[in-house]
Amino acid sequence: MKRKYSYDVAVVGGGAAGVGAAVGAAQTGARTVLVEKNPYFGGIATHGSVLTYCGFFTQADPTEQIVGGVGQQVLTHLSKLGMYDGPRRTARTGTVIVLLDPEVTKIALDRCVTEAKVEPLLHAQVIGAEVTNGKIEAIECVDHSGRFTIEASAFVDASGEANLTALSGGDFVFGDDKGHLQSATLMIRIGGVPPEANAHPITIQEAVVKAKKAGIPNLTKELGTIVRMPGSHDVLAILADEEVNGLESTSLTSAEISARKQAWAYLESFRRFLPGFENSYLVQTGPQIGIRETRHIRGEYTLSGDDVLQAKRQEDSVARGGWPVELHPVPGEPNEWHSIKDNSYYDIPLRSLKVQGVRNLWAAGRIISCDPIAFASVRVMGTAFATGHAAGVAASVELNNGEVSVKAVQSELRRQDAII
Ligand SMILES: Cc1cc2nc3c(=O)[nH]c(=O)nc-3n(C[C@H](O)[C@H](O)[C@H](O)COP(=O)(O)OP(=O)(O)OC[C@H]3O[C@@H](n4cnc5c(N)ncnc54)[C@H](O)[C@@H]3O)c2cc1C
């Protein structure tokens, strides 16, 4: 007999957005399941080695924290584990970040999810949706034992690829509407770099230029973000760009294989052309290539680049964003940065989280309704915790009241210490 489970709220995807949504929903008293295909939560942080949370703070000096609620609970867990003692600024751009470690992040998120009494479901992939009269009745999942069903009253798509939106017939766009995607990047973690070795992005750039001149093949980006990892002699290099359709396994396969060649080529370049890197070694790639963009939902309001850059305030705000616009339009080319007015923050309206075409479906994280410029800011993980928190609370409010009033969502978010 087919296995069947039943909850109030089902959240698909356990990255920053999904954790925010599931914990937020559970804290309203809703019986909540968090479905994740990987063996751990964290999404691109833990499964892509993107080891910095951006978006928790504005870029002003002094900086201001703009994500609280579930996001703050995660920071508190990171702090108890000795990982977090406040934000830092990056070497080249001066942007404000929170440094991570993959194992500490995994356990911090486990604690956050279980403390809130979310039902965690790892190793389970959502592959279908049962929809009646524009409402999702259940999602279909698969594990090694076969297919099973999860019924719920409300759903949150936090899959990063808007998978549940596509499966249930909700509105979405692919890339920037013309199908153009931000480039993908395989993270490269290199160990054996002594503290005195100069790992500034400009020094790294000079070495990559020399390596290209010397004929080392398979190198793309010269100038990118380089982060020294705390408590180790490791350096994280965000350089190995690929053009890839992150929805298709054929495209992903070529990109993974090509990016791994890049990782070894960068290592060889650093060993040959960077003083202090002679004995460095490859600690880890990925595990998965970092996909910045595939689908975005079409919501009731599309957050625009102008809203972001002008730091626009909105009546139905349920989250704040403060990361600058950071575009990665062409693989191998440097990122393009644009600051938010006064290094302040912009509001994210509830309407941008509501999937059009499916009544009981909310979206969170990098798939919320936004134009390409807004996307280049809103996609970061600190902001994803905030939009996730709001989507989870909205799903629960819908459950209790049938209709979602903005005021009810805002008041519950405030009760849960969200900053809105
Ligand atoms: C190379 C790169 C560098 C970046 N650098 C930074 C940075 O330094 N700081 C920062 O804050 N942000 C950074 N970002 C952006 C950020 O990592 C993402 O936009 C962010 O992870 C979005 O969070 P999310 O929860 O929406 O999605 P994700 O982190 O992608 O999480 C989605 C989760 O859903 C799961 N999932 C998907 N489909 C299914 C399904 N059908 N069934 C079950 N589970 C499913 C996935 O396994 C995944 O765990 C970077 C992105 C990339 C690619």
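None of these values were measured; they are calculated from a predicted model. Whatever order the structure lists them in is the order used to number ligands and atoms, beginning at 1.
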Test your reading of the structure: does [X] have an N or O sitting under 3.5 Å from an N or O of ligand 1?
{"X": "Arg292", "value": "no"}
{"X": "Ile238", "value": "no"}
{"X": "Tyr53", "value": "no"}
{"X": "Ala17", "value": "yes"}
{"X": "Asn163", "value": "yes"}
{"X": "Thr52", "value": "yes"}

Less than 4.0 Å between a side-chain N and a carboxylate O, is that true for [Y] and [X]?
{"X": "Arg3", "Y": "Asp143", "result": "yes"}
{"X": "Glu293", "Y": "Arg379", "result": "no"}
{"X": "Glu140", "Y": "Lys2", "result": "yes"}

Contact with ligand 1 for Glu36, non-hydrogen, under 4.0 angstrom: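 Judged by the 4.0 Å heavy-atom criterion, Glu36 does count as contacting ligand 1.
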
Contact check, Gly55 vs ligand 1, heavy-atom distance below 4.0 Å: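 Per 4.0 Å heavy-atom rule, Gly55 does not contact ligand 1.
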
From [options] - option closest to [atom] by heavy atom:
{"atom": "atom 37 (C) of ligand 1", "options": "Gly365, Ser159, Gly13, Gly382", "result": "Ser159"}
{"atom": "atom 29 (O) of ligand 1", "options": "Ile44, Leu34, Ile291", "result": "Ile44"}
{"atom": "atom 41 (N) of ligand 1", "options": "Val126, Ile368, Leu239", "result": "Val126"}

Please report which non-hydrogen protein atom sits nearest to [atom], along with the residue it belongs to and the distance in Å to one decimal place.
{"atom": "atom 44 (N) of ligand 1", "result": "Lys37 N, 3.2 Å"}
{"atom": "atom 23 (O) of ligand 1", "result": "Ala384 CB, 3.9 Å"}
{"atom": "atom 5 (N) of ligand 1", "result": "Val50 CG1, 3.2 Å"}
{"atom": "atom 19 (O) of ligand 1", "result": "Arg379 O, 2.6 Å"}
{"atom": "atom 30 (O) of ligand 1", "result": "Arg366 NH2, 2.8 Å"}

CD1 on Ile238 to CG on Leu186, rounded to 0.5 Å: 11.0 Å

Per-residue contact class, Ala124 against ligand 1 - non-hydrogen pairs under 4.0 Å: backbone

Under-4.0 Å heavy-atom contact with ligand 1, by part of Ala158 that carries it: backbone

Determine whether the side chains of [X] and [Y] contain a donor N or O and an acceptor N or O closer than 3.5 Å.
{"X": "Asp241", "Y": "Thr220", "result": "no"}
{"X": "Gln314", "Y": "Asp316", "result": "no"}
{"X": "Gln284", "Y": "Ser49", "result": "yes"}
{"X": "Thr76", "Y": "Gln72", "result": "yes"}
{"X": "Glu242", "Y": "Thr185", "result": "no"}

Centroid-centroid under 6.0 Å between Phe174 and His296 rings: no

Would you give me the side-chain donor-acceptor pairs under 3.5 Å for residues 123-139, sequence neighbours excluded?
none

Quick one: does any side-chain atom of [X] pair with a main-chain N or O of [Y] as donor and acceptor, under 3.5 Å?
{"X": "Thr58", "Y": "Glu64", "result": "yes"}
{"X": "Ser251", "Y": "Asn245", "result": "yes"}
{"X": "Glu161", "Y": "Asn163", "result": "no"}
{"X": "Ser183", "Y": "His328", "result": "yes"}

Could you list the atoms of ligand 1 found under 4.0 angstrom from a heavy atom of [X]?
{"X": "Thr185", "answer": "1 (C)"}
{"X": "Gly43", "answer": "29 (O), 31 (O), 48 (C), 49 (O)"}
{"X": "Gln125", "answer": "41 (N), 42 (N), 43 (C)"}
{"X": "Cys54", "answer": "7 (C), 8 (O), 9 (N), 10 (C), 11 (O)"}
{"X": "Asn38", "answer": "47 (O), 49 (O)"}
{"X": "Gly290", "answer": "53 (C)"}
{"X": "Gly15", "answer": "25 (O), 31 (O), 33 (C)"}

